[in-house]
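Working notes, beginning with the structure itself.
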Amino acid sequence: CPHDKQRGGLLRQIVDEDGKDGVVPVARLLWALADKDQELVRDAISLAGRYRLDDPNTLVAPLTALLGSEDQRTVTSAIRVLARVGGTTTYPTIAPFLDRQNNASSAASALFDLDPERTIGELLARAERPELTHTICAIAKQTLDRRFVPALIAALRSTNDSTRTAAKEALDAIEYYVSQTQRWQRMLDEAGLDAGTAAEALIKQARSADKSVRLAAIRSLGTLGKAETLPFLIQLMQDQDADVKTAAAQALEKINAKQ
């Protein structure tokens with residue numbers, strides 16, 4: 001097609017049709033990723049992140065090359081999809097972008113999906129960077145990790161309303177989790193409960209990498225109805241997986257109804 005918009009529209013149409021069949025051939029995208037038109041490149045990146053690909057590893061090299069683009073929107077898009085198609089092996093490639101103002105937030109989100117614990121350490125080391133504040137608040141609220149508290153308190157002094165709100169929400173979530181954990185731990189201690197209970201076994205299974213096992217364990221916690229599992233289920237309400245959040249909410253309702 002002679003016009004860029006026509007090429008972009010044709011690419012989306014072809015890939016969307018392939019996607020209906022379940023798998024998109026990577027060859028559909030490679031030529032567009034190498035094009036000079038950055039809008040077409042970003043279209044190709046977006047499509048790569050949207051569909052299941054027949055050979056995703058083939059995209060690692062061209063996406064890595066795009067990290068050197070002068071177009072920051074292209075770099076941001078490439079970071080996100082590179083983490084998705086390349087997996088944990090791309091962590092060292094993406095990590096340097098934590099120190100680039102325009103790409104720090106997208107890099108942090110991508111890296112957290114690859115290796116949460118390692119990324120938390122990287123973020124704590126850069127807690128004073130304003131471009132990372134919102135990402136830090138979001139991850140702190142999701143993980144309920146108390147190591148973020150000093151950074152969140154500092155963010156409360158921001159002149160930006162949305163930053164202060166995000167920091168307060170994260171602090172409130174952590175405070176509630178800590179208070180509930182302490183409360184139920186005292187009750188467990190008073191009741192003389194020790195390790196090896198059914199609740200503890202289910203909590204362990206609810207952290208499984210197998211989603212079906214996770215969901216079954218979470219639902220079983222609701223059936224078991226033990227109040228000491230409430231903090232854990234509350235934490236799961238922050239999970240990225242919608243099915244996990246729904247299962248946790250249903251389990252909480254069951255347990256609260258028994259109290």
Side-chain angles (χ1 to χ4, degrees), residues 80 83-84 88 98 104-124 126-127 132-156 158 161-185 188 199-257 259:
R80 184 185 71 252
R84 178 179 177 272
T88 55
L98 285 172
S105 181
S106 58
S109 297
L111 292 172
F112 181 75
D113 289 340
L114 294 176
D115 189 335
E117 184 60 28
R118 182 177 176 182
T119 304
I120 287 174
E122 297 283 1
L123 291 175
L124 290 173
R126 297 168 173 80
L132 286 170
T133 301
H134 274 277
T135 305
I136 286 174
C137 290
I139 291 177
K141 185 177 179 181
Q142 176 185 337
T143 61
L144 303 175
D145 195 315
R146 283 176 280 184
R147 289 175 291 177
F148 283 115
V149 168
L152 295 172
I153 292 174
L156 291 175
S158 172
D161 288 342
S162 64
T163 297
R164 292 198 303 273
T165 298
K168 182 181 183 303
E169 289 178 353
L171 283 168
D172 287 347
I174 292 172
E175 180 183 24
Y176 182 73
Y177 171 69
V178 171
S179 66
Q180 289 297 305
T181 300
Q182 292 173 342
R183 174 191 175 194
W184 293 112
Q185 188 58 55
L188 286 171
E200 289 172 338
L202 288 171
I203 286 174
K204 182 177 180 180
Q205 291 171 325
R207 295 191 175 103
S208 170
D210 186 322
K211 182 175 177 178
S212 62
V213 173
R214 263 192 106 186
L215 293 175
I218 293 168
R219 295 184 184 114
S220 296
L221 286 171
T223 302
L224 188 64
K226 294 293 185 180
E228 63 263 29
T229 65
L230 287 172
F232 176 72
L233 291 169
I234 291 169
Q235 182 180 6
L236 289 182
M237 294 292 291
Q238 305 292 329
D239 199 274
Q240 291 181 325
D241 190 307
D243 292 333
V244 170
K245 289 196 287 189
T246 299
Q250 293 171 345
L252 282 167
E253 289 178 2
K254 282 187 176 182
I255 295 174
N256 288 327
Q259 303 306 310

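Residues passing the side-chain hydrogen bond (donor to acceptor under 3.5 Å, both in side chains) test with Glu122 are Arg126, sequence neighbours excluded. Ile203 meets the side-chain contact (heavy atoms from CB on, under 4.5 Å) test with Arg207, Leu221, Thr229, Phe232; sequence neighbours excluded. For Glu175, there are no salt bridge (charged side-chain N to carboxylate O under 4.0 Å, His left out) partners, not counting sequence neighbours. For Ser105, the side-chain hydrogen bond (donor to acceptor under 3.5 Å, both in side chains) test picks out Thr135, with sequence neighbours left out. By the side-chain hydrogen bond (donor to acceptor under 3.5 Å, both in side chains) test, Arg84 is found to be paired with no residue, residues two or more places apart in sequence or in another chain being considered. Listed by chain and residue number, nothing satisfies the side-chain hydrogen bond (donor to acceptor under 3.5 Å, both in side chains) test with Ser106 (two or more places apart in sequence, or in another chain). Scanning for salt bridge (charged side-chain N to carboxylate O under 4.0 Å, His left out) contacts around Asp210 gives an empty result, with sequence neighbours left out. Partners of Gln205 by side-chain contact (heavy atoms from CB on, under 4.5 Å), not counting sequence neighbours, listed by chain and number: Leu202, Val213, Ala217. Partners of Thr88 by side-chain contact (heavy atoms from CB on, under 4.5 Å), not counting sequence neighbours: none found.
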TODO: Evaluate the side chain to side chain contact (heavy atoms under 4.5 Å, CB included) criterion for residues Lys226 and Ile255: first the C-alpha distance (whole Å), next the side-chain angles of each, then the deciding distance (0.1 Å), finally the verdict.
DONE: CA-CA 7 Å; Lys226 294 293 185 180; Ile255 295 174; over 6 Å; no
Task: Thr119 and Leu114: CA distance, side-chain angles, deciding distance, side chain to side chain contact (heavy atoms under 4.5 Å, CB included) verdict - done: CA-CA 8 Å; Thr119 304; Leu114 294 176; over 6 Å; no
TODO: Could you walk me through whether Phe112 and Thr143 pass side chain to side chain contact (heavy atoms under 4.5 Å, CB included), step by step?
DONE: CA-CA 11 Å; Phe112 181 75; Thr143 61; 3.6 Å; yes
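Sorted by first and then second residue, the salt bridge (charged side-chain N to carboxylate O under 4.0 Å, His left out) pairs involving residues 231-241 (not counting sequence neighbours) are Lys211-Asp241, Arg214-Asp239.
Taken from CG in Leu98 to CG in Leu132, the straight-line distance is 6.5 Å, to the nearest 0.5 Å. The CG atom of Asp243 sits 11.5 Å away from the OG atom of Ser212 when rounded to the nearest 0.5 Å. Going from atom OG1 of Thr223 over to atom NZ of Lys254 covers 4.0 Å, rounded to the nearest 0.5 Å.
Here the shortest heavy-atom pairing between Ala167 and Leu152 reads CB-O, 3.6 Å. Pairing each heavy atom of Ser158 with each of Arg164, the nearest pair is O-NH1, 2.8 Å. Pairing each heavy atom of Ala140 with each of Ala170, the nearest pair is CB-CB, 4.2 Å. The minimum heavy-atom distance linking Leu215 with Ala247 is given by the pair CD2-CB, 4.0 Å. The shortest heavy-atom contact between Lys245 and Met237 is CD-O, 3.1 Å.
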Below 3.5 Å, can you tabulate the donor-acceptor pairs from side chains in residues 144-151 to any protein atom, sequence neighbours excluded?
unit_1	atom_1	unit_2	atom_2	d
Asp145	OD1	Arg147	N	2.9
Asp145	OD1	Arg147	NE	3.0
Asp145	OD2	Arg147	NE	3.2
Asp145	OD2	Arg147	NH2	2.6
Arg147	NH1	Glu117	OE2	2.9
Arg147	NH2	Glu117	OE1	3.2
Arg147	NH2	Glu117	OE2	3.0

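Looking at Leu233 and Leu236, their side chains come closer than 4.5 Å, going by heavy atoms from C-beta outward.
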